[in-house]
> 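Before we start, here is the structure in question, set down as structure tokens.
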Amino acid sequence: MKRVIIAIIFIGISIAIGVYSLNETTRICNNMIFRIENATEDNTEILENDSHDKRVEFYSTLVNLSDAWEENSEFFYLFFSNEDLKMIETNIEKLPTHAKNGDLESTYLCLVECLEEFEYIKNNGTPSWDNIF
């Protein structure tokens, strides 16, 4: 009886950790996707109507995006493989440098790659028949 109770407790803890990680992954991915989409829109706006004020605001947005990644990256490294996250980290680190140098095309490409990776992580972590089998 004692072993059954211990097994039930471990199963309960495992389920709680699984639900927490799925919810947290979805929350963080949605937040990062929202930030990346806003940065992509700002990038497109600068390409169409360039001004110094927009570039300064865009650079600030990219720095905030980088800071948000730094805050949340530890969580992702606990639950996901380093290969998936290395591309995100590399691209996010490049963003402020590209923006500072005025290379908006490279900035846009890095943003799109990050967006695709976060969408992949979010969809891959969602329980579905395709992810299970």
> Okay, side chain of Ser60, backbone of Val56: is any donor-acceptor separation there less than 3.5 Å?
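No, Ser60 side chain to Val56 backbone: no donor-acceptor pair under 3.5 Å.
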> Hey, does the side chain of Ser106 reach the backbone of Asp103 with a donor-acceptor pair shorter than 3.5 angstrom?
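Flag not set: sc Ser106 to bb Asp103 has no pair under 3.5 Å.
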> Tell me whether Phe75 is reachable from Ile92 by hopping between hydrophobic residues (I, L, V, M, F, W, Y) whose side-chain heavy atoms are closer than 4.5 Å.
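Yes, Ile92 and Phe75 fall within the same hydrophobic cluster.
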> Any link between Leu62 and Leu104 through a network of hydrophobic side chains (Ile, Leu, Val, Met, Phe, Trp, Tyr) touching at under 4.5 Å?
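They do share one cluster, since a chain of ILVMFWY contacts under 4.5 Å joins Leu62 to Leu104.
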> Measure from the side-chain N and O atoms of Asn101 to the backbone N and O of Thr97, and report whether any donor-acceptor pair falls under 3.5 Å.
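Yes: the side chain of Asn101 pairs with the backbone of Thr97.
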> Please assess Ser66 against Glu93 for the test side-chain contact (heavy atoms from CB on, under 4.5 Å), listing each intermediate value before the final yes or no.
CA-CA 7 Å; Ser66 180; Glu93 287 175 358; 5.7 Å; no
> Between Asn23 and Arg27, do the side chains contain an N or O donor and an N or O acceptor separated by less than 3.5 Å?
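No donor-acceptor contact under 3.5 Å links the two side chains.
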> What distance do Phe76 atom CZ and Ser21 atom OG have between them, rounded to the nearest 0.5 Å?
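OG of Ser21 is found 11.0 Å from CZ of Phe76.
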> For Tyr108 and Glu113, test the side chains for any donor-to-acceptor distance below 3.5 angstrom and give the result as yes or no.
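Side-chain D/A pair, Tyr108 to Glu113: absent.
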> When you look at Asn91 and Leu95, which way does the side-chain contact (heavy atoms from CB on, under 4.5 Å) test go after all the steps?
CA-CA 6 Å; Asn91 284 326; Leu95 287 172; 5.6 Å; no
> Within a reach of under 6.0 Å around NZ of Lys100, are more than 12 heavy atoms found that belong to other residues, nucleotides or ligands?
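Count not over threshold, so no.
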> Determine whether more than 12 heavy atoms belonging to other residues, nucleotides or ligands lie under 6.0 Å from atom OH of Tyr77.
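Atom OH in Tyr77 is packed in, count exceeds 12.
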> Closest heavy-atom contact between Arg55 and Gly102?
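Reported closest heavy-atom pair: NH1-CA, 3.6 Å.
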> Please report the interatomic distance CG(Asp42) to OG1(Thr107), rounded to the nearest 0.5 Å.
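Here the rounded value is 12.0 Å.
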> Using the side-chain contact (heavy atoms from CB on, under 4.5 Å) rule, take Ile88 and Ile121 through it: C-alpha gap first, then chi angles, then the decisive distance, then the call.
CA-CA 11 Å; Ile88 293 173; Ile121 288 173; 3.7 Å; yes
> Which value, rounded to the nearest 0.5 Å, describes the distance between Glu41 atom CD and Phe58 atom CZ?
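It is 11.5 Å, given to the nearest 0.5 Å.
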> Can you see which heavy atom on Pro96 is nearest to which on Tyr59, and at what distance?
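Reported closest heavy-atom pair: O-CE1, 3.4 Å.
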> Quick one: do Leu78 and Leu85 end up in the same hydrophobic cluster if we chain Ile, Leu, Val, Met, Phe, Trp and Tyr together by side-chain heavy atoms under 4.5 Å apart?
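Cluster IDs for Leu78 and Leu85 match.
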> Calculate, to the nearest 0.5 Å, the distance between atoms SG and NE2 belonging to Cys110 and His98 respectively.
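The SG atom of Cys110 sits 4.0 Å away from the NE2 atom of His98.
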> To the nearest 0.5 angstrom, please state how far the CD1 atom of Ile6 sits from the CD1 atom of Ile11.
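So the gap between those two atoms works out to 12.0 Å.
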> If you define the side chain from C-beta out and look only at heavy atoms, does anything of Lys122 sit under 4.5 Å from Thr25?
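With C-beta onward as the side chain, the pair stays apart.
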> If the plane angle is over 60° it's perpendicular, under 30° parallel, otherwise tilted; pick one for Phe118 and Trp69.
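Answer is perpendicular, since the angle exceeds 60°.
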> Can you name the closest pair of heavy atoms from Cys114 and Ile36 and give their distance?
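Heavy-atom minimum between the residues: CB-CD1, 3.7 Å.
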> Please examine the side chains of Thr61 and Asn38, heavy atoms only from C-beta on, and report whether any two atoms are closer than 4.5 Å.
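When only atoms from C-beta onward are counted, Thr61 and Asn38 do not touch, as no gap falls below 4.5 Å.
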> To the closest 0.5 Å, what do you measure between CG (Asn43) and NZ (Lys54)?
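Output value for this atom pair is 12.0 Å.
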